[in-house]
Structure formats: structure tokens, C-alpha cells
Amino acid sequence: MKWRKSFIPTLREIPREGDIKSHILLLKGGFIRQVASGVYAFLPLGWRVFKKVSQIIREEMERIGAQEFYYPSLIPRELWELSGRWISFGDDMFRLKDRKSRDLSLAPTHEEVVSELIKKEIRSYKDLPQIWYQIQTKFRDEPRPRAGLLRCREFAMKDSYSLDATWEELDKSYELHYDAYSKIFKRCGLVFNIVEASTGVMGGKESHEFMVESSSGEDSLAICHECSYSANLEIAEAYPMNEEIEGKYKSKEKIHTPDVRSVQEVSEFLGVTSREIIKSILFKRNGKKVLALVRGDCEINEAKLARVLGGEVRIFESGEILEEFGVSAGFVGPLEINVDEIVGDYSVKGIKNGVVGANEDNYHIVGVTPGVDFEVKKFADIRKVKQGDLCPKCKSPLEIKNAIELGHIFKLGTRYSETMDVYYADKDGQLKPVIMGSYGIGLGRIMAAAQELYADEDGMVWPLSIAPFDIHILPLEMRGRIKDEADRLYKKLVQKGEEVLMDDRDETPGVKFKDADLLGIPLRITIGRKFMEKNLFEIRVRKTKESIETDGNEIYDKIQNIKGELLKNGNL
RNA sequence: CGGGGAGUAGCGCAGCCCGGUUAGCGCGCUUGGUUCGGGACCAAGAGGUCGAGGGUUCAAAUCCCUCCUCCCCGACCA
């Protein structure tokens, strides 16, 4: 491709809407343009990358025997009502009406469509196993789209479902996906973590996420560097905190603590450490009132609490607390409080003579001990793991890192097939629920994550496997011998099947170099002064900034060598 | 949903508090010329419903009201 005939609108200045590195660079490099909040057009370069990514995904999916489908984006309301999600999806679902006033949605996911197909078409164990996948646009009206391609309202996703007759076969399908995903992300040139993940509201038994560490990521991981333990913070565990902590106040006493609410304020006001404060947080579960307790230097993990209690939980809002308990948030405590259940985190168990809210505004009670001054029916792991906590497996300190979720695989099991009524006839003629797995990948996120990982101060750096082009030819003059030689080289490389972009603009060298760095094509071939003097081309590797000089006879072989090296070294 | 910021030429911004000729600047763009290994130089030029609507005023980018769009932070851990 020649630049002058291409549409590559690079920008000199940082666009106003750009925030994180990948977003800014994709805009600057002319890969994407924003159409609306969380909605992007892919320009030719961006689309080339997208197609490379999707090709890799297709190849690896086909390799595990998956078949590609194409589903509609327009889904009628009736289909959602089968699963109850017309209501439960809430505002995240884009809804519209057709000319006859029928309700439709833009698919935020395709589970219902798939399930309907399975339900209608899969009848016998002989029809199983199957892996069905699709790469499609999903629409979700996110409360806050952000970070360019990382959180969009319209985005491309590879989704697959495994359909099996037995749990053993599900394990096999899961394994296949686990391996296929590993290959996909590796082939995309990414460095990633595979972490244990929450199965969420959908239920299911096992789940992993494929994560790229990045400060721009919205997820947090707990990672152990000593053993293999790593998990999404939503479910991460730590070696239980069971230290004995002796508080400062030895006898139970109600103390006036005017306007002292937060743990920090309490600890400063009373001169106690945050570790001897028992934090009391009120939750609702199915209309029941639950008080959750955690040590003052820790936080509650709602997802864990939900699992312990079985079912979704919702925190009490401060207004609701005042209404139901007649006390402001900040002075809630476990003594004589009217709740259905008290759950304590293990970290609270060892506190003696601690500090709690008095359930009366502007008062706290000191010298309070769980089991003595109040009963905790259940102790459980309900706290959020934090930096430096000990690994549950090997007791080394855990590190907390932000990460971008690129892929998520999980064993749905029968939960979905049972609610959606998806059954097959077994060998003995008995109806049994199809055992399902669900597996997703965000394509745009792969593009963004690659730049979050590799972009440098000069611009993007694409892994060879997903780069828009492999080679970027830079003739520094568009006349005379340099132009002729560049044309000849371009033709030769294209004929040999290389993907080449040639900057044939009549621009100064500085402009061409800057744009080349910005686009991040892995190999750059410069034809300029060195060629005029010694007939030498310069091949430069974008990632390492290393360059070699070569003559016209050897250049093709040299290119192949470098590409080979790049592929060997994880694609960069 | 709560809080904050922004919308002026293709892009990035100034002007707005304190209303007053033809609304500026940088980059980009067009034409001509000189350049040609890290975002060149000279000259001439084109390009604007100042987000939309309404109001105040002799006069509005500027003041007031309503709305739209975009960005950031937060969404209740007491």
C-alpha cells in the first residue's frame, strides 16, 4: 500500500478526548475515530489490525473444532423474556421499537439466541459435543464508557459455547478453550496472566480470566510471585488474618465521639490503631438485614459476602440506614442492633477490647470483644485482599495489580440449560440438561492492550502478528535514484507476498520518521543518504530501535531473518 | 445517578470575569519558490451558524435561562 493512496490521517496533537496511552495513539495514528461516547469507527489501519486479530482467533477456534456462526444483533423482546433478562438487564440494554411498536433490543450478548437454537435443534446425545462460536458486535449502554477501546458501548466480541453431555466432556471443552485462548493471546504477542475468576451471577463452577497487567485496567488481580496463585480481586483469598489484637481500652465504655465517622477519624480521635477498630457495614439480602464486620484496616469484598450468604447483596445507602436504624452511617455497630444476621470476617475474630459504633450518633463503644460483648454467628472470609497480604497457598506476600480483562472462560454447567429448558435425550432415553461452557474474548481490547503494553514515547509498537503492515518503506526523497530504488524494492517485496506500506509522500524526512514511529510497523526500511553514498538500505526494528544496513541483494533474506527472530521472541 | 471540566476554522487552544469595529494564535490545508536523515523556510491565500434554542441589551462568543454533546472522578467499605 502506498501512503498517498491510503487514508492514514495521523494527528500531530493529542486529541482532546484521548486519555490513556492506547486511546491517544490509536487516534493519533489514524486507526480509529470516535463517533459517539464509547462508539468508534475503525479506519483502514485499525481495521487491518482488527482483521489480523480476528483471523488468529478464527484459526485457533477452528483448530479445536469450533464452528463459526453469525447471529443477528436485533433481538426481539420475547426471546429475552424467556430468560427474564428483558427486565434484569436494565439500562445496560439498548432498546428500540419497530414500526409496529414491537420491542426489540440490540444484542448485549447472544446467550438467549444460542440457547434457543440449542433447545430447538439439539435433541440427542448423538448431537453432542459441539462448540459454537461467533465474532460479533455487542451493544451495551455502559453507565460510563471510557478509556477508548477498553470500555465501549458498541464492541466486537468473540463468544463461544460448548455443549456437552457429561461433566467430563465439559472439562475437556474447557481445557480446549483454555489452551486455544493461551495460543490466541500468545500469537497476538501479548504477555498475560491467567487468573481464577468469579463465575458471577450466572453460577457455574470454574472460571478463568486472561488478563494483561496495565495501570489502565479496570480489574484488579492478586498475584503471588512465589507460587502460581493469581486471582481476580473479586474472589482472591489470602491466608487468614487471625492475629490476636489487644485494644487500648480495657473496659467497655461509651465514649462521646462528635462527628467522628471514618476509621481514620476514629483512630485519630481515640488514639487507637485502625486494626483494633471493628468496621460495621450493613447489607441487604432478599429483604433481610445483614451486618458485616471487618477489621478497620480492611475492606469488605461484596462478591465474597454474597457467596457466603448465598444470593445477591446490596449495601444499605446512608439514607436507608438512618430510616431503619435511626443512626447515621459511621456510628453503626454490632451491639444491640436489630439485624437478621451478623457475619464477621476472620480478621475480626482475634480483636480483644476493640472499638465499635454505638448505634447512636456521635458515640462509639470501646473495650468491646466479639464473643463476649456480642455474638457473631458466622465467621467467614469476606474481606478484600490487599497488597502485602499473604498468599493462601504459599504465604508469600501478594501483589495487587490492575489489569485489562481480555478473555473469560467459564463452566456454566447446567444452570443456564435448566432455566432455559435446554435438554437432550441420553442413551437410555432420559432427558438431561445440556452441560454448557461459555467463553469470550474482547477484540478491541486486544488492540488496546497491545499498545498499553508496548507503546513507547515515540508511538505505537505492534507485535508482528497483528501489525497493520509488516514493513514500512521510507524513501527520504521522492525523486531521482532514491525514488526509483524505493519503487523497485516496494514492488519486489509485494510480489514476494510481504505486507508493505510505502511512505511516498513528498514530505521532509522528519515528518516521515515521526509518522513511522507513531504507526509502529515492526520493520522500517529507510532509503536515503546511505543509499546515495553506498547503495545501502537501513532496516530498523521499531521495538528495539536496532538497525542494520544491507544491500539490495541481501535485503529480502535479512528481512526474513529479522521476522523469524521477532516471531521467535514472542512476536515483537 | 452524584460531582467536576469542556464545546470558538480540519486539529490543539486564546478571547468570556469586566458586552463595543472586520473573532485571534499555533499546527494542518491550497498556490509558488527554496529545502530534503528526525514534525523545514519564505511569500501569498482559503477556511468560522463562537454546540443548539430562547432571553436581557442600542449592541452578546462574552450576561441570564433551557437543552444537547463530550471528557474526567465517584457511585456510597461508614
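Residue numbers begin at 1 in each chain, while the letters A, B, ... track the order of the sequences.
- A distance of 6.0 Å or more separates the ring centres of A:His23 and A:Phe31.
- Taken residue by residue, residues 19-39 of chain A places heavy atoms nearer than 4.0 Å to RNA chain B at A:Asp19, A:Gln34, A:Ala36, A:Ser37.
- Other residues, nucleotides and ligands place no more than 12 heavy atoms under 6.0 Å from the CZ atom of A:Arg4.
- The nucleotide B:A23 finds no pairing partner, because no Watson-Crick or G-U wobble arrangement with both distances shorter than 3.5 Å includes it.
- Judged by Watson-Crick or G-U wobble contacts below 3.5 Å, the nucleotide B:C77 has no partner.
- Nearer to the 5' terminus of RNA chain B, by closest-nucleotide assignment, is the contact made by A:Asp517 (compared with the other of A:Asp517 and A:Arg153).
- Less than 4.0 Å separates RNA chain B from at least one heavy atom of each of the following residues of residues 523-539 of chain A: A:Arg524, A:Thr526, A:Gly528, A:Arg529, A:Lys530, A:Glu538.
- By the 4.0 Å N-to-carboxylate-O rule, A:Arg524 lies close enough to A:Glu538 to be salt-bridged with it.
- For the OP1/OP2 pair of B:G38 and a distance below 4.0 Å, the side-chain nitrogens and oxygens of A:Lys514 include no atom meeting the criterion.
- Across all strands, A:Ile14 comes closer than 4.0 Å only to sugar-phosphate atoms, never to a base (heavy-atom distances).
- Between A:Arg144 and B:A75, a side-chain N or O to OP1/OP2 separation shorter than 4.0 Å is absent.
- Residue A:Glu13 places a side-chain atom within donor-acceptor reach of the base of B:G26, judged by atom type and a 3.5 Å distance cut-off alone.
- Residue A:Arg12 has a polar side-chain atom (N or O) positioned under 4.0 Å from OP1 or OP2 of B:G28.
- With a cut-off of 3.5 Å on both Watson-Crick or G-U wobble distances, the partner of B:G53 is given as B:C65.
- Across B:A75, B:C13, B:A40, the shortest atom-to-atom separation from the side chain of A:Val511 is found for B:A40.
- A cation-pi arrangement is present between A:Arg48 and A:Phe469, with the terminal nitrogen or guanidinium carbon under 6.0 Å from the aromatic centre and inside a 45° cone about the axis.
- B:G39 is unpaired under the Watson-Crick or G-U wobble criterion, no partner having all donor-acceptor distances under 3.5 Å.
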